[in-house]
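Naming convention: chains lettered A, B, ... in sequence-line order (proteins, then strands); numbering from 1 in each chain. Side chains are part of it too, since the values below use all heavy atoms of this structure and drop only hydrogens, waters and symmetry mates.
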Amino acid sequence: MKALRLASVLLTSGLLAGCKPVLYALSPPPPGRSAWLDSKDSTLEVSQGIAIAIACEKDGPCRHATARADDPSIAEVVPAHLARLDARTEPGFTPTTSMVPATSFVLIARSAGHTVVRVRSADGDRDLDVTVVPAPTRAPVQTVAR
Amino acid sequence: MTTKLLSQTHATIASLLLAATTGACTTLGGLHQAALFRECRAGDDGCKSVAPSAPLAVGAHLRPAVAIELDGSAAPDVRVTSGAPDILAADGDVLRGVRPGIAPVLISADDGTVIDFVHVWVAQPTRLAIEAGPSRAEATDEVVAPIQLVVGEARWLVPAVFGGAQRLAGTGDVAWRVRCEGDACASIALLGDGVADRRRLIARAPGKATIALDGLGLSTTLDVEVVP
């Protein structure tokens, strides 16, 4: 009986986890910089001073999604517009597919540190753990005058 | 998935069209919906010689133009802002290099929605040079030796800023001066042509003079001899 209850809890929590929206990257980082978004673990490691576009999906684009960072001085999130339609499937006895506008954000890594971006939508919530790593430093260059 | 692939294919075609319509010297955004390119006056081919995709020099400024390609919509009223103003400042419609690094330039609609973004590098200038040519469009050859002109001949002079081996983008506050002695001062004239950093050198009479160029903390000189 106990095992059955445990299995039920694990199954329920697994299903609930599966119901959450998924975040994934839409743009690459520039050379020498990092922007590694792990959709499974919902983590993002990003270099200071760059921007990355992020999409929110659950059976298609998230509906009525908003996103904000706990600490905008570390990472700021602003809505983005993608001029395209993506397929969204409404599950049910007879699943239907709609073509709807993509849901996307742009995250700007402002300063080194850690913050959480909280995505809220009618399809569920997803928190993204963001670590902004310092930009690499370069040795000073010598100036030459002719 | 097929729909997404079709969308991506369409985005690729749109980005190629965007690049084609704005010329080769464009920097396409991360979302493939907008491009930044250097704004040049009509017919000013020399202006296009520096790709805006080059790093912007510290202390230099660049007035970028924005081209937007959106399905089903003309370009909205957009503004250009910097995601790292301590590296690249956006003063109205002008970008200014503050210190070496990288900064995202955001192209946003009037409600703040980002349409696209471009990462722009800022680099420390290490060398100032003078490029010269017989016409405005052809002033792209770096001058490495004294120039000899006959009376009546002219050359267009343009400053060129380098960071190491790479030509940097942007225009700095530069000062052109003519060093000469006595009668030699009448040998050349250095005229402005409406563009802040460009000059037209005219040979007026036989003699020797030196043109000095200072800007962005660097300097260089060019020796000119006018022969009969």
Heavy-atom pairs under 4.5 Å with chain A: which of B:Asp116, B:Asp111, B:Thr113, B:Asp86 has the most?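 Between B:Asp116, B:Asp111, B:Thr113, B:Asp86, the count favours B:Thr113.
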Which residue out of B:Ile115, B:Ile87, B:Leu106 racks up the most heavy-atom pairs below 4.5 Å with chain A?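 Counting heavy-atom pairs under 4.5 Å, the top option is B:Leu106.
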Which value, rounded to the nearest 0.5 Å, describes the distance between B:Ile102 atom CD1 and A:Ser47 atom OG?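 If I round to the nearest 0.5 Å, the distance is 8.5 Å.
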Side chain from CB out, backbone as N, CA, C, O: work out which of these in A:Ala135 comes under 4.5 Å of a heavy atom of chain B, or both, or neither.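 Answer is neither: A:Ala135 stays 4.5 Å or more from chain B.
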Which residue in the set A:Ile108, A:Leu82, A:Val78 passes side chain to side chain contact (heavy atoms under 4.5 Å, CB included) when paired with B:Val114?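 The single option meeting the side chain to side chain contact (heavy atoms under 4.5 Å, CB included) with B:Val114 is A:Val78.
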Please check if the side chain of B:Gln33 supplies one atom and the backbone of A:His81 the other of a donor-acceptor pair under 3.5 Å.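 Present.
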Are the side chain of B:His119 and the backbone of A:Pro29 linked by a donor-acceptor contact shorter than 3.5 Å?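 Answer holds: no.
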Atom of [X], atom of [Y] and distance for their closest heavy-atom approach:
X        : Y        : result
B:Pro104 : A:Ile50  : CG-C, 4.1 Å
B:Gly30  : A:Ser27  : O-CB, 4.0 Å
B:Gly83  : A:Arg110 : O-NH1, 2.8 Å

